[in-house]
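What follows is a single structure, written as structure tokens, with notes after it.
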Amino acid sequence: MRLSFVGGLIVISLIIFLTFGTLLAVTFRMEGFSGLARYDWAVIKFTFLQAFISALTSLILAIPISRALVRRNFIGRRILITLLGAPFILPVIVAILGLIAVFGRTGLVSDFLGFFNLKPLPLYGLQGVIIAHVFFNLPLAVRLLLQGWLSIPAERFRLGHALNFSPLNFFKYLEVPMLTRFVPGAFLLIFLICTTSFAVALALGGGPKATTVELSIYQAFRFEFDLSRVAVLALIQFLICGLIAILSFWIALPTYQGSGLDRVIPINFQGRIVDFIFILGSALFLILPLFMIVFRGSHSLFLLPEAIFMAAFRSICVALFASLLTVVMGLFVASLLVYHSKKFEIIGYLPIAASPLVIGVGLFIMSYQWMDPARIALPAAVLINALMCVPFVLRAILPTFIDIEKNYGRLADSLRMSGWTRFRWLLWPRLRRSVGFCMGLAAALSMGDLGVIALFADPNHSTLPLEIYRLMTAYRMNDAYGAALLLLLLSVSLFWIFDRGGRLDANS
Amino acid sequence: MRVFFLTFLSFFISTSMSWSKPILTVYAPDYFTSEWGPGPSIETAFEEICDCDLKYVAGDLLPRLLIERDKIKADVVIGLNTDVTLKARTLDVFIPHGQDVSELTIPIKWTDRIFLPFNWSHTAFIFDNTKVDNPPTSFEELLDLPNDTRIIIQDPRTSISGLAFVLWVKAVFGDNSEKAFFRLAPKVLTVTKGWSESYGMFTEGEADMVLSYTTSPAYHIIAENDKTKSAAIFDEGHYFMAELVGMTKNAKEPELAKKFMNFVLSETFQKMIPTANWSFPANLDSSKLPEGFAGLPLPQKVLFYTEEEVEHYKDIVIQEWLTAFQQ
């Protein structure tokens, strides 16, 4: 128990250090605060605007899509629902390239429009940022709302039918009450994700019209090296995230709606065609970009320059170390919460509201006088990625952890199992499934991360996502698609291996 | 066996000799050291005459200098440009280059004793002369082009060419520069963060004109035997830009650094510049330029701001640019 206490406290302090400590280090670099320039206000406005439109669009589309998925049964329904989870492990830069191939000036949609003599769509700027954010968050919104629809007992729909409800009545009496409970929480979550997203803004935004706070931090750091400005922007970013995080604690996701017999009873709903249009549309929107990556990338996959493979190797190392570290951190925090004090739980979830870029800048400021910044690029990426995944790990293992102790804890106590023995024989066999899943998730996320690494890295320390971004900016698109396919394959395999590994003879 | 041993021994001696060679450390931008940049051929040529090992450290120069300050590990810094020298100069880490700059082949008078120019060009808009029939001959004409013209420029906050562009506009339009940006904005298809992305989009045919340099057509003429790309030459003049090299105060190999500075102005180095960095050499008679360069149309008038003027105008003009392009 002692180790769990000390270790847990060390991890908790590390989290506090990385979130607040780095922010403090950044603020020390502020040389007086002379107010914000006109342009900074435009950046803040844009950050909110794009996050608002992205969250709104995701939810407006998610409502009919999730509804159609609940009401209809069709071949491939399970696959589509599984696919809705894919964007979680999909590297952002890969998705962006896929979206460019579909929605870009020379992409499929523009070709289609050109057929009718219409102008191609401009993808860069606000539209592009929103399309990419919807691509990532629509599936999340659909999955959150699916829970909502499923929480309405089927008996109520039957009752509605017996009462001769019109579709409008169904909507008014059964669906609206559920939506008013589920939508605000989902909206805030997506809004928060969109305000802190960096890679999307970097690749598709930028320019004078479409710069977010996070991107401004990067530009002030990388091009101006104006630490004072970086500090001001970092504080703004922190305030924005903190504000939304506090809001979302108020509006928690509810799960209870009503009780029934838990049996799904097929009911003949109207609106079959509309439902299938939404299902088909969402499936195309999710699958086409991935298909384009495979299609365009397979030509150049084996012709990639050596530097790409070196970068891929570095990325794999980052992913492996980060997934290991995040699980160790998560387990320590969980055991601290279970065995000692629940008070620290909120700290475990702090990274949700933290900005990886601000943490990166903070670490840089603390270390650059002693170390070559390029050298800490990879360790910093490992540390920050591990930190950002701790909340997921807690979410996944804490409930199981609590159950295990509740069910077997006293038995284990009576056998005087403690420390390593308790972990090895009591906890590990029952946690390994979730741990495997978490490691897979963390590995895939860190594999595709394009955040801190963009701040520090030089060509000798770059990772695969950064190399892809470099190829994109050098307009070597064929190589970029090849490298993106490589990254996609690596991320998916890493996730699969860990997830699978967690399940192998899980009943031992 | 003896043969094997001797080979092994000679190999060992030769490698240990190359270890004992002094190392000249040179900071250079990413593009410079890449396989298609001028870095590799410069390295080979210098190592032939210096009996040393030239090592590049690639990356963004200015942030690196600002971070390291007096702990700079380089003997020589190459690739800074004329619009960003003030910040680098005030760090006080460079020493005078000691070269005679009175006879340089650049269109402005050079008096800087710290930074030495090694190549130069002007900003200009490049177009495809098979598609654009009446290219603008002045900045005014450019601004009067129909609004469906597709022009690509670069962001002045993230790219050197983009910064040169806004300074160019300031130099041409003075107090009316913001108005000029407002007239240009509807024609700008996209603003990219760097030059290569813009230029790639242009060569793929996604735009009619791209912000680049007067020397860009030479690349197409010499490397691709393609004469369809031309620079639009404006009556108001074009903004001058040079790339620079400097020696550091704390150089570990000061003698080698001096040797390198001599080498920069030598004919060997200068003759490599046109086809390695696709710009005009700073110290080479025009009769010795390769053919594609000799015939390039050049502006009559050259515009240039000193580093103090750049510092004065930079924030103002970027703010004006942002205001116009945010609409």
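Residue numbers start from 1 in every chain, and the chains themselves are labelled A, B, ... in the order their sequence lines are given, proteins ahead of strands. The figures here come from the full heavy-atom set of this structure, side chains too, leaving out hydrogens, waters and symmetry mates.
Annotation: residues 197-204 of chain A contacts chain B through A/Leu202, A/Ala203 [non-hydrogen atoms, separation under 4.5 Å]. Identified by a heavy-atom distance below 4.5 Å to chain A, contributing residues of residues 73-83 of chain B are lacking entirely. When the heavy atoms of residues 200-209 of chain B are compared with those of chain A, the residues falling under 4.5 Å are B/Gly200, B/Met201, B/Glu204, B/Glu206, listed by number.
Residue A/Met472 touches chain B through its backbone alone, counting heavy-atom pairs closer than 4.5 Å. Residue B/Leu62 does not touch chain A at all, counting heavy-atom pairs closer than 4.5 Å. Heavy atoms closer than 4.5 Å to chain A are found nowhere in B/Trp195, neither backbone nor side chain. Contact of A/Phe364 with chain B is made through the side chain alone, with heavy-atom distances under 4.5 Å. For B/Thr190, the part lying under 4.5 angstrom from a heavy atom of chain A is the side chain only.
Evaluation of the salt bridge (Lys or Arg N to Asp or Glu O under 4.0 Å) test over residues 460-474 of chain A, restricted to residues two or more places apart or in two chains, returns A/Glu467-A/Arg470, A/Arg470-B/Asp30.
Distance CZ/A/Arg222 to CG/B/Asp60: 4.0 Å, rounded to 0.5 Å. For the atom pair A/Phe223 CZ and B/Lys193 NZ, the distance stands at 8.5 Å (nearest 0.5 Å). Note: A/Phe225 CZ to B/Lys87 NZ = 9.5 Å, rounded to the nearest 0.5 Å.
Within 6.0 Å of the OH atom in B/Tyr219, the count of heavy atoms belonging to other residues, nucleotides or ligands does not exceed 12. Heavy-atom contacts from other residues, nucleotides or ligands closer than 6.0 Å to CG of B/Asn147 number more than 12. Crowding of B/Glu308 atom CD: a count of heavy atoms from other residues, nucleotides or ligands under 6.0 Å exceeding 12. With a 6.0 Å radius and a threshold of 12 heavy atoms from other residues, nucleotides or ligands, A/Phe28 has its CZ atom at or below the threshold.
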Check the pair B/Arg157, A/Thr211 against side-chain contact (heavy atoms from CB on, under 4.5 Å), reporting the backbone distance first and the verdict last. CA-CA 12 Å; B/Arg157 295 165 302 163; A/Thr211 301; 4.1 Å; yes

